[in-house]
Amino acid sequence: MTGSSCLAVMYHYVRDTARTPFPDIRALPVALFEQQLDWLQAEYDVVPLSCLTDALAGHGSLPRNAAVLTFDDGLIDHYETVFPVLRRRGLNGTFFLTEDACSDTPRLLPVHKAQFLLACLGADAFGQAVLAASGQPRQAGAAEVFGSDRWEDEDARAVKRLVVHELPFDQADRILDDLFVRHVGDPVAFAKTFYVRPAMVREMAEGGMTFGSHTRTHRMLARLSPEEQLYELSGGVAWIRGMTGQAAVPFCYPWGGPHTYTAETVRILGESGYSLAFNTVRRQLRLDDPGFELPRIDTRDLPPYSTAEAISRLLSATEQV
Ligand SMILES: [Zn+2]
């Protein structure tokens, strides 16, 4: 029996943070990751991304309860922890990399500087430090634009909104860099142990994993001009293909909520040769969804975080919840 839908699950950190210098980073503990895979493998048919790509293109079919696993940001967790687990289970994962971060001369992305500053300082002190450095009051009532932050408290969301959505990029980068050096450490040294490197990507690709692009610098695409968006998107297919030999190269939007990209973004993705794109609209993916706006659910939407009732409510929704 073939299916017309698929569960695409999104992961970020998979690590036991209590054993790291940053216990407040929000991560999926390794044991819970394994437990969630047990549940997924019992309830779903976890298929390689190529199955979904083919089915979307009308070249193949999906099993009735198909699921795919996706991992964002090219974190070192994905090489050290996730890759061995998936290989042992014979599963495919798709890993979305940002070119600036996952090169041989990696740069720590502002999004990650902000996460670690938040973990070190707390939302209140971090927010105060950013406001003091920026010298401007926060805009009231800024639009809620993120797709994956609903589990954070209000203060954390406010400071993230300020550094990611409101301040000019260059100013936010400079402020985050100064604060990171002062409170956490050297961002260059940090980046070298934080992201997967091209050699690891090649090893994972040989081990059956799939890769995709997550832009060049992880800037919010909706804030960029068409020329700037082209810079972020145009090189990704050749970059991933060069490391992995993949014919089909998928994409996923930084931040990923419905307002983090534009119709222009979707047009450029199509013209740049990507095979599909994921956002973070939380519902079940259907084969008749637009191929460059495929929804995903978060690891926190599944057991052991969510009840069976909450999951079935989420999956039966036709719009974002
Ligand atoms: Zn990301």
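The basis for the numbers below is simple: all heavy atoms, side chains too, and nothing from hydrogens, waters or symmetry mates. Remember, it's 1-based here, ligands and their atoms both numbered in the order they're listed. The shown structure was predicted, so the numbers you read here are calculated from the model rather than taken from an experiment.
Taking the charged nitrogens against the carboxylate oxygens, Arg283 and Asp289 do have a contact shorter than 4.0 Å, which makes a salt bridge. Ion pair Asp170/Arg219 flagged as a salt bridge, since at least one NZ, NE, NH1 or NH2 atom sits closer than 4.0 Å to an Asp/Glu carboxylate oxygen.
Using modelled atom types and a 3.5 Å distance limit, the side chains of Arg296 and Thr70 yield a donor-acceptor pair.
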Show me, pair by pair, the donor-acceptor contacts under 3.5 angstrom made by side chains of residues 43-63, not counting sequence neighbours?
| unit_1 | atom_1 | unit_2 | atom_2 | d |
| --- | --- | --- | --- | --- |
| Thr53 | OG1 | Leu49 | O | 2.9 |

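Closer than 2.8 Å to the Zn ion (ligand 1) sit the protein N, O or S atoms Asp73 OD1, His214 NE2, His218 NE2.
In this view, Arg107 and Asp100 satisfy the side chain to side chain donor-acceptor pair (under 3.5 Å) rule, not counting sequence neighbours. Among residues two or more places apart in sequence or in another chain, the ring pair (Phe, Tyr, Trp, His ring centres under 6.0 Å) test is passed with Tyr253 by Phe251, Tyr261.
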